[in-house]
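Following: one structure in structure tokens, then a few remarks.
Counting convention: from 1, in listed order, for ligands and their atoms alike.
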Amino acid sequence: MTKRLTTTAGNPIADNQNSITAGPRGPVLMQDYQLLEKLAHQNRERIPERVVHAKGWGAHGTFTVTADISQYSCASIFAGVGKQTPMISRFSTVAGEMGAADAERDVRGFALKFYTDQGNWDLVGNNTPVFFIRDPLKFPDFIHTQKRHPKTNLRSNDAAWDFWSLSPESLHQVTILMSDRGLPQTPMNMNGYGSHTYSLWNAKGERFWVKFHFKTQQGHSHFTDAEAEKIVGQSRETYQEALFGAIEAGQFPKWKMLIQVMPEADAENMPFNPFDLTKVWPHADFPLIEVGEFELNRNADNYFAEIENCAYSPSNVVQGIGHSPDKMLQARIFSYADAHRYRLGTHYEALPVNAPKSGRAHYHKDGSMRFFDNNEANPDAYYEPNSFDGPVESPEVAEPPLRISGDADRYNHRDGNDDYAQPRDLHDKVMNDAERARLYRNTAAHMHGVADDIIERALAQYARVSQAYADGIRAEREKLKSGS
Ligand code: NDP
């Protein structure tokens, strides 16, 4: 039988082609509620896009444990080799708006939500192990330099290089951004990193600091700027096409999850601050330890409901996984959840894609999207403590105490931090000649049109990483100026 078209209130609709008008040429009547409802809904089809990470691509998948890490974490997601947990991913660019082209040079967001049997664990990372800044007080300023200029309404490389050249802690991330890895061909061809230091704790209450790594099993592949220019000319949606298409074709992309682990007490004695988001932990000192693998194997049925509405936040941790003193992480614990309350509404966690599959029992009451039932089917238990069998706390999931202390002050985050050694390692030791040549070219191209005094300040910073690095960029600038 043909399905009947109805209003949102379920009333069958007699005519969906013609408005009600006073005569064939006359004005429409206010009583044409069907018309009013259609127009009103259309006006409300957009919600505020994310200020950062607006353009995204994602899919559902499965995480499988492949190695036992119970010595580090009692999280149920890791309980036993072979254990599987449903999850959903969202990859994104940072600066571009929702309609931005996919193949643009930018850091990529790498957000994962694991529907564990003890609630949702979100790991909201990037495709780079570090970030541009280490103090969250700088974050709104930094993002202003990546978005549009208030007067010209254009992106401003002047602003980007002004900020970077005044913020040497950005050198590491900018080096990665301008390297091959700054422009992956598809979301499947890049690694993910938790980037921040998090913590794990085990059944004995021992805490370990941890870095999460997700290694692509599809291999790395990247576009040069020239290739990307052509690609964007042909299609602005290459990531969506690639990820959606691969999953539809049954070619499920996979990433291995690995961790680096540092015993809690060792953090005090590290020559660098292990909670500094602009630094990696060297592999030689902190070898990668296998944990598991995730596979993306199901496209969303509705992109808006499942990918756009999917609300990831570092505040979502589970027993056995915790935070760290990383200042940027601490700030994101607030700002991600806050962004979702603003974008989606007070009860955004109740949306089907965000709701934990393990159930939830809280006392938050009314507000936008309060469409879910009282959890306990017990109308008297609407505050806590109560005598009516409402949900109660679980002391057994308490996190071991954080053994970090200090005098509250505004410490200069640049004091005692070497901003040059790690980008130097990347430039001098990790990259080969061809990679360095492309790094210089990409950096020089990005500097195009930027005021000379800003560029000279930036080049002076590069020279502190390596004179060859600064010279290489300068030489490419000269070539670009002369048209070669
Ligand atoms: P290693 O030689 O053990 O590691 C170097 C790592 O660099 C590789 O494992 C690879 O990371 C990554 N890499 C390769 N090419 C690029 C590129 N173009 N852009 C960014 N990363 C790249 O040395 P260390 O651990 O001592 O680190 C040296 C430098 O390597 C660091 O200063 C950092 O810049 C970079 N790096 C280090 C990572 C770490 O966690 N130790 C992670 C990523 C980069 P992967 O294996 O993750 O693909």
Any idea which of His220, Arg181, His222 brings a heavy atom closest to atom 11 (O) of ligand 1?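 The nearest heavy atom belongs to Arg181.
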With atom 7 (O) of ligand 1 as the reference point, say which of Val430, Leu439, Thr128, Asp425 has the nearest heavy atom. Val430
Give the residue and atom name of whichever protein heavy atom lies nearest to [atom], and the separation in Å to one decimal.
atom                    : value
atom 9 (O) of ligand 1  : His283 CE1, 3.3 Å
atom 47 (O) of ligand 1 : Tyr193 OH, 2.5 Å
atom 43 (C) of ligand 1 : Pro129 CG, 3.5 Å
atom 36 (N) of ligand 1 : Val280 CG1, 4.3 Å
atom 40 (O) of ligand 1 : His213 CE1, 3.2 Å
atom 35 (C) of ligand 1 : Leu426 CD1, 4.0 Å

Report the distance from atom CD of Gln146 to atom OG1 of Thr93, rounding to the nearest 0.5 Å. 11.5 Å
Does NZ or CZ of Arg424 fall inside the cone over Tyr420's six-membered ring, less than 6.0 Å from its centre and within 45° of the axis?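 No, cation not above the ring by the 6.0 Å, 45° rule.
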Identify whether NZ of Lys or CZ of Arg in Lys357 sits under 6.0 Å from the centre of the six-membered ring of Tyr115 and within 45° of that ring's axis. yes
I need the contact type for [X] against ligand 1. Using non-hydrogen atoms and a strict under-4.0 Å cut-off, is it side chain, backbone, both or neither?
X      : value
Lys215 : side chain
Lys429 : neither
Asp180 : neither
Lys211 : neither

Hey, what's the ring geometry for [X] with [Y], parallel, tilted or perpendicular (30° and 60° as the breaks)?
X      : Y      : answer
Phe63  : Phe78  : perpendicular
Phe275 : Trp209 : perpendicular
Phe132 : Trp164 : parallel
Tyr462 : Trp161 : tilted

Would you confirm whether Asp425, through its side chain, and Lys429, through its main-chain N or O, come within 3.5 Å as a donor-acceptor pair? no
N/O to N/O below 3.5 Å, does that happen between Trp281 and ligand 1? yes
Indicate yes or no: does an N/O atom of Ser179 lie under 3.5 Å from an N/O atom of ligand 1?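 In this structure, Ser179 places an N or O atom under 3.5 Å from an N or O of ligand 1.
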Ser76 and Asp117: side-chain donor and acceptor closer than 3.5 Å?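 Note: Ser76 and Asp117 side chains meet the donor-acceptor criterion.
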For ligand 1, which atoms, with element, lie under 4.0 Å from some heavy atom of [X]?
X      : value
Asn191 : 45 (P), 47 (O), 48 (O)
Gln422 : 32 (O), 34 (O)
Gln260 : 40 (O)

Contact between His172 and ligand 1, counting heavy atoms under 4.0 Å? yes
The side-chain hydrogen bond (donor to acceptor under 3.5 Å, both in side chains) partners of Arg236 (sequence neighbours excluded) come to none
Just jot down the ring-ring contact (aromatic ring centres under 6.0 Å, His included) partners of Phe252, sequence neighbours excluded, or say none. none
